[in-house]
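Below is one structure; the comments refer to it alone.
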Amino acid sequence: MQITTAIAIYFLIWWITLFAVLPFGVRSQHEGEGYAPGTDPGAPIIARIGMKLVWTTVVASIIFVILAATYKSGVIEPAAFVAWLIPAR
């Protein structure tokens with residue numbers, strides 16, 4: 001696997017993981033006590049984006065290492081994976 005391919009795969013895993021992590025721990029304004037007038041009641045009280053980015057990086061790195069180790073060990077052959085994705089007619 002080339003380094004550019006690995007970076008692209010890691011970025012895709014990171015991006016998908018970000019959207020999976022974003023909803024965790026979010027409390028909207030209508031659930032809490034502090035409601036700012038003129039804002040949407042569904043807006044988060046504290047978004048904590050920094051922690052979500054850290055968790056996204058940790059989870060995406062774990063997923064990437066597992067997939068890379070599986071690929072390098074030969075458990076999944078690239079040709080068999082492509083044949084699974086695109087079945088012969």
Side-chain angles (χ1 to χ4, degrees):
M1 181 182 327
Q2 294 181 351
I3 189 71
T4 53
T5 304
I7 291 170
I9 291 171
Y10 180 79
F11 176 74
L12 288 173
I13 293 170
W14 189 91
W15 194 255
I16 293 168
T17 306
L18 173 66
F19 286 105
V21 168
L22 276 177
F24 291 127
V26 174
R27 286 188 32 218
S28 60
Q29 291 185 21
H30 77 277
E31 293 174 337
E33 298 173 6
Y35 183 81
T39 60
D40 187 272
I45 297 171
I46 300 172
R48 298 187 189 135
I49 294 296
M51 276 310 284
K52 290 179 193 264
L53 294 178
V54 169
W55 276 108
T56 299
T57 303
V58 168
V59 172
S61 297
I62 292 169
I63 293 170
F64 179 77
V65 166
I66 290 170
L67 291 176
T70 304
Y71 173 77
K72 286 288 189 182
S73 69
V75 172
I76 299 175
E77 296 177 7
F81 185 69
V82 170
W84 177 74
L85 286 176
I86 307 168
R89 296 182 193 191

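Residues: numbered from 1 along the sequence shown. Reckoned from all heavy atoms, side chains included, excluding hydrogens, waters and symmetry mates.
L12 and L85 fall into different hydrophobic clusters, defined by Ile, Leu, Val, Met, Phe, Trp and Tyr side-chain heavy atoms under 4.5 Å apart, directly or through other members. If you chain together hydrophobic residues whose side chains sit under 4.5 Å apart, L67 and Y10 fall into the same group. Both Y71 and F11 belong to a single network of hydrophobic side chains, linked directly or stepwise wherever heavy atoms of I, L, V, M, F, W or Y lie under 4.5 Å apart. Under the 4.5 Å side-chain contact rule for hydrophobic residues, V26 and V59 do not share a cluster. No path of Ile, Leu, Val, Met, Phe, Trp and Tyr side chains, each step under 4.5 Å between heavy atoms, connects V75 with I66, placing them in separate hydrophobic clusters.
One finds the CG atom of L22 at 6.0 Å from the NZ atom of K52 (value rounded to the nearest 0.5 Å). To the nearest 0.5 Å, atom CD1 of residue I62 and atom OG1 of residue T57 are 11.0 Å apart.
Residue I63 forms a side chain to side chain contact (heavy atoms under 4.5 Å, CB included) with just one option from I16, I13, V58, and that option is I13.
Taking the side chain as every heavy atom from C-beta outward, L53 and W14 approach each other to under 4.5 Å.
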Does the side-chain contact (heavy atoms from CB on, under 4.5 Å) test come out yes or no for I46 and M51, once each step is laid out? CA-CA 11 Å; I46 300 172; M51 276 310 284; over 6 Å; no
